[in-house]
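Counting from 1, the numbers follow the sequence of the chain as shown. Since the structure is predicted, the reported quantities are computational estimates derived from the model, not experimental observations.
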Amino acid sequence: MTYSGAVKVGGPADVHELPDLMISKVAVGPMDNNAYLLRCRATDEQLLIDAANDAGTLITLIGDDGIASVVTTHQHGDHWQALAEVVAATGARTYAGRDDAEGIPVPTDVLVDDGDTIRVGRVELTARHLVGHTPGSIALVYDDPHGHPHVFTGDCLFPGGPGRTTRPEDFASLMSGLEAKVFVLPDETWVYPGHGNDTTLGAERPHLGAWHERGW
């Protein structure tokens, strides 16, 4: 079946099958958070992005092979409600942005900075530090050697605009980071956000000016 990225809490995962990587997306919790399970096809190693909620759902999705690591995109509570339980069940190493780690009540094993590489088997993800939604939010870029890039944006970019900011300077910072570190990727780049449906950079790029004008 063709991947759409449209998932519902309590519903099945949607699986995006790439040549080297399988991406399984599920929706969890009362805030309709997305969690993404990445599986390297060559090694079967797995990585989870955002143990947001519903630990049982996530542990079932992970299955008997377990996960080597779990990345938390940012410190907001709706993105780590299941983290302690998932780590206890799997022994996974924890990753988070350096400037958000103190706000996550599960110890972070690896502090992530801009440009750092996080591996799942033979697949490499590149971290992009984006300041504005939180001080230490990170997006993860997978530059598929067989196709277009894929980027996991947490709550920094959604269909229709950037993530929530509370001050004009935070909005300016987030927009600057997105334009310098995310929108430099091609239009075909697939965007996996922290809530809701997926999008592409090509679908969002024409609206950058309007976002600047409205200021959110």
For the pair [X] (side chain) and [Y] (backbone), establish whether a donor and an acceptor sit closer than 3.5 Å, ignoring hydrogens and angles.
X	Y	answer
Arg41	Leu18	yes
Ser173	Glu169	no
Asp14	Gly5	yes
Thr94	Val110	no
Ser69	Leu47	no
Thr134	Ser137	yes
His129	Pro135	yes

Among residues two or more places apart or on two chains, list those pairs meeting salt bridge (Lys or Arg N to Asp or Glu O under 4.0 Å) that have a residue in [range].
range	result
residues 95-112	Arg98-Asp113
residues 171-199	Lys25-Asp198, Asp114-Lys181, Asp187-Arg205
residues 61-84	Arg39-Asp65

Examine the side chains of [X] and [Y] and answer whether a donor and an acceptor come within less than 3.5 Å of each other.
X	Y	value
Asp50	Thr72	no
His79	Asn53	no
Asn34	His195	no

**OP:** For the pair Thr126 and Asp116, evaluate side-chain contact (heavy atoms from CB on, under 4.5 Å) and give the outcome as yes or no after the intermediate values.
**Re:** CA-CA 6 Å; Thr126 303; Asp116 283 356; over 6 Å; no
Which hydrophobic side chains are connected to [X], either touching it within the sub-4.5 Å cutoff or through other members that do?
X	result
Leu111	none
Phe171	Leu130, Val141, Val151, Leu157, Leu174, Met175, Leu178, Val182, Phe183, Leu185, Val191, Leu201, Leu208, Trp211
Leu58	Val26, Val28, Leu37, Leu48, Ile59, Leu61, Ile62, Ile67, Val70, Trp80, Leu83, Val86, Val87, Ile104, Val106

**OP:** Mind checking side-chain contact (heavy atoms from CB on, under 4.5 Å) for Thr166 and listing every partner two or more places apart, or none if nothing turns up?
**Re:**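 Result, side-chain contact (heavy atoms from CB on, under 4.5 Å) vs Thr166: Arg164, Asp170.
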**OP:** Only counting residues at least two apart or in another chain, list the ones meeting salt bridge (Lys or Arg N to Asp or Glu O under 4.0 Å) with Arg119.
**Re:**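 Scan of Arg119 (salt bridge (Lys or Arg N to Asp or Glu O under 4.0 Å), adjacent residues dropped) gives Glu124.
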Subject >> All salt bridge (Lys or Arg N to Asp or Glu O under 4.0 Å) counterparts of Glu85, not counting sequence neighbours >> reply: none
Exercise: identify the closest heavy-atom pair between [X] and [Y]:
X	Y	result
Pro193	Gly196	CG-O, 4.2 Å
Val112	Ala127	CG1-CB, 3.4 Å
Ser24	Val15	OG-CG2, 3.6 Å
Glu204	Pro159	OE2-CA, 3.5 Å
Thr108	Ala101	OG1-CB, 3.6 Å
Ala52	Asn33	CB-CB, 3.5 Å

Original post:
When you look at Ile138 and His74, which way does the side-chain contact (heavy atoms from CB on, under 4.5 Å) test go after all the steps?
Top reply: CA-CA 7 Å; Ile138 53 172; His74 63 290; over 6 Å; no
Original post:
Applying ring-ring contact (aromatic ring centres under 6.0 Å, His included), which residue pairs with at least one partner in residues 9-62 are found, sequence neighbours left out?
Top reply: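 Counting only pairs at least two positions apart or across chains, the ring-ring contact (aromatic ring centres under 6.0 Å, His included) contacts touching residues 9-62 are Tyr3-His16, His16-His150, His16-Trp190, Tyr36-Phe152, Tyr36-Tyr192.
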**OP:** Would you mind listing every ring-ring contact (aromatic ring centres under 6.0 Å, His included) that reaches into residues 84-108, with sequence neighbours excluded?
**Re:**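 The answer is none; no pair qualifies.
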Original post:
Tell me, do Leu38 and Met22 make a side-chain contact under 4.5 Å, heavy atoms counted?
Top reply: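 No; the side chains remain at least 4.5 Å from each other.
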Original post:
Quick one: are Thr73 and Ile49 in side-chain contact, heavy atoms under 4.5 Å?
Top reply: yes
Original post:
What residues, two or more places apart in sequence or in another chain, satisfy side chain to side chain donor-acceptor pair (under 3.5 Å) together with Thr43?
Top reply: none
Subject >> Euclidean distance, Glu45 CD relative to Cys40 SG, rounded to 0.5 Å >> reply: 7.5 Å
Original post:
Are there more than 12 heavy atoms of other residues, nucleotides or ligands under 6.0 Å from atom CE of Met31?
Top reply: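 At most 12 heavy atoms, drawn from other residues, nucleotides or ligands, come within 6.0 Å of this atom.
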Original post:
Is it true that Phe158 and Ile23 fall in one hydrophobic cluster, defined by side-chain heavy atoms closer than 4.5 Å?
Top reply: no
